[in-house]
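In listed order, ligands and their atoms are each counted from 1. This structure is a prediction, so every number in the text was calculated from the model and none was measured.
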Amino acid sequence: MVTADPLSPYAPNPTVGIAAATVGVSKVHGSGDTRVVALDDVSLAFGEGEFTAIMGPSGCGKSTLMHCAAGLDSVTSGSVRVGTTELGTLNDRQLTALRRDRIGFVFQAFNLLPTLTALENITLPLSIAGRRPDRQWLDRVVSMVGLAQRLDHRPGQLSGGQQQRVAVARALVSRPAIVFADEPTGNLDSRAGAEVLGFLRDSVRELGQSVVMVTHDPVAAGFADRVVFLSDGRLVDEMACPTPERVLDRMKAFDSRSRTS
Ligand code: ADP
Ligand code: MG
């Protein structure tokens with residue numbers, strides 16, 4: 001469990017290493033009439049072995065923050081580091097390699113290749129990198145997400161929840177420095193969603209994985225160790241040891257404040 005450092009509200013406990021961080025990150029989309037400030041001076045550190053949820057209403061910049069922190073999108077100003085690597089110092093080829101080798105991704109739309117089996121999908125990032133899977137680790141990840149009996153199935157033969165479990169295993173198999181998940185339960189019913197969230201949490205508890213999840217669902221946020229709240233591109237609050245009830249209360253407080261202001 002990680003508690004907030006009182007000196008720096010959006011840094012994890014100083015005894016915990018930092019898996020990734022943004023420092024003064026701003027992101028502007030478009031220009032002129034279509035100019036949108038999606039992120040405004042966001043400084044945020046994600047702890048090692050910590051499960052962080054990023055919450056906030058639709059359009060507040062959650063996906064943009066994730067894309068910038070994961071090197072999928074460039075920042076307009078500020079800097080991003082993954083482990084000890086400053087992303088701004090990397091050329092395109094190095095950035096691609098960093099995303100492939102150091103970061104795991106889980107998206108709302110599972111993004112599996114339909115012609116490959118579950119096992120082939122899970123090991124695809126390693127194959128692309130020319131690495132061989134660590135068999136023991138692969139077995140552990142596969143059994144953790146309960147897919148041992150489904151490895152020969154293609155995505156079309158799996159339920160949505162099973163497909164997202166394949167995507168979670170794919171994200172974990174390269175032992176990345178950090179896993180980013182953007183609304184991973186957005187396409188799942190609540191039972192399948194809870195299963196996937198439980199596996200993400202297990203990956204933190206049992207494998208020491210660092211996980212960052214974007215969500216607008218208080219129930220999903222309740223699986224995390226820590227929730228940070230984003231509003232209009234700015235960090236506005238955080239909560240340690242969240243429960244769905246406390247997260248919901250906090251969100252209602254934001255809503256009423258923005259209505260009266
Ligand atoms: P969230 O994930 O919280 O719903 P986003 O990060 O997707 O929010 O979007 C934040 C803001 O930036 C929104 O106003 C959105 O319309 C805008 N935006 C996001 N991506 C782009 C883009 N590629 N081009 C222009 N505007 C964008
Ligand atoms: Mg989004």
Is atom 13 (C) of ligand 1 close to the protein, meaning a heavy atom under 4.0 Å from it?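 Flag for atom 13 (C) of ligand 1 set to true, protein heavy atom closer than 4.0 Å.
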Any non-hydrogen protein atom less than 4.0 Å away from atom 16 (O) of ligand 1: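 When distances to the protein are checked, atom 16 (O) of ligand 1 has no heavy atom within 4.0 Å.
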Any N/O pair Cys60/ligand 1 closer than 3.5 Å: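 Yes - when backbone and side-chain N and O of Cys60 are compared with those of ligand 1, one distance drops under 3.5 Å.
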Check whether any N or O atom of Gly59, backbone or side chain, sits under 3.5 Å from an N or O atom of ligand 1, and answer yes or no.
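Yes - when backbone and side-chain N and O of Gly59 are compared with those of ligand 1, one distance drops under 3.5 Å.
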Looking only at protein heavy atoms, which one is nearest to [atom], and how far off is it?
atom	result
atom 7 (O) of ligand 1	Ser63 CB, 3.8 Å
atom 22 (C) of ligand 1	His29 ND1, 3.5 Å
atom 8 (O) of ligand 1	Gly61 N, 3.2 Å

Would you give the length of the straight line joining atom CG of Leu158 to atom CD of Gln163, rounded to the nearest 0.5 angstrom?
->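 Leu158 atom CG to Gln163 atom CD measures 6.0 Å (nearest 0.5 Å).
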Checklist entry - Closer than 4.0 angstrom: is that true for some heavy atom of Gly30 and an atom of ligand 1? => result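 Checking ligand 1 against Gly30, which is what was asked, there is no heavy-atom contact under 4.0 Å.
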Considering all heavy atoms of both residues, which atom of Arg102 and which atom of Gly83 are nearest to each other, and what is their separation?
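Of all heavy-atom pairs spanning Arg102 and Gly83, the closest is NH2-CA, 4.5 Å.
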Going by the angle between their ring planes, with limits at 30° and 60°, are His67 and Phe107 parallel, tilted or perpendicular?
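Correct class here is tilted.
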Task: Region of Thr64 that comes within reach of ligand 1 [heavy atoms, distance under 4.0 Å] - done: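 Both backbone and side chain.
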Exercise. Is Arg250 salt-bridged to Asp237, cutoff N-O under 4.0 Å?
Worked result: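 Yes, this pair counts.
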- Query: Are any of the side-chain heavy atoms of Val142 and Met144 separated by less than 4.5 Å?
  - Reply: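 Val142 does not reach Met144 side chain to side chain.
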- prompt: Is the closest side-chain donor-acceptor distance between Thr64 and His29 under 3.5 Å?
  reply: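 On atom types as modelled, these side chains qualify, holding a pair under 3.5 Å.
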*Does any donor atom in the side chain of Ser63 or Asp182 lie under 3.5 Å from an acceptor atom in the other side chain?*
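Their side chains do contain a donor-acceptor pair, which is all the 3.5 Å distance test asks for.
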| message | Within 2.8 Å of the Mg ion (ligand 2), is there any N, O or S atom belonging to Ser63? | response |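 It does: Ser63 brings an N, O or S atom closer than 2.8 Å to the Mg ion (ligand 2).
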Using a strict cut-off of 4.0 Å, indicate which atoms of ligand 1 neighbour a heavy atom of Pro57.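 Answer for ligand 1: 3 (O).
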(message) List ligand 1 atoms under 4.0 Å from Ser58, heavy atoms only on the residue side.
(response)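 Result: 4 (O).
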Exercise. Flag yes if more than 12 heavy atoms outside Arg81 fall under 6.0 Å of its CZ atom; otherwise flag no.
Key: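 Enclosed: over 12 neighbouring heavy atoms sit under 6.0 Å from CZ of Arg81.
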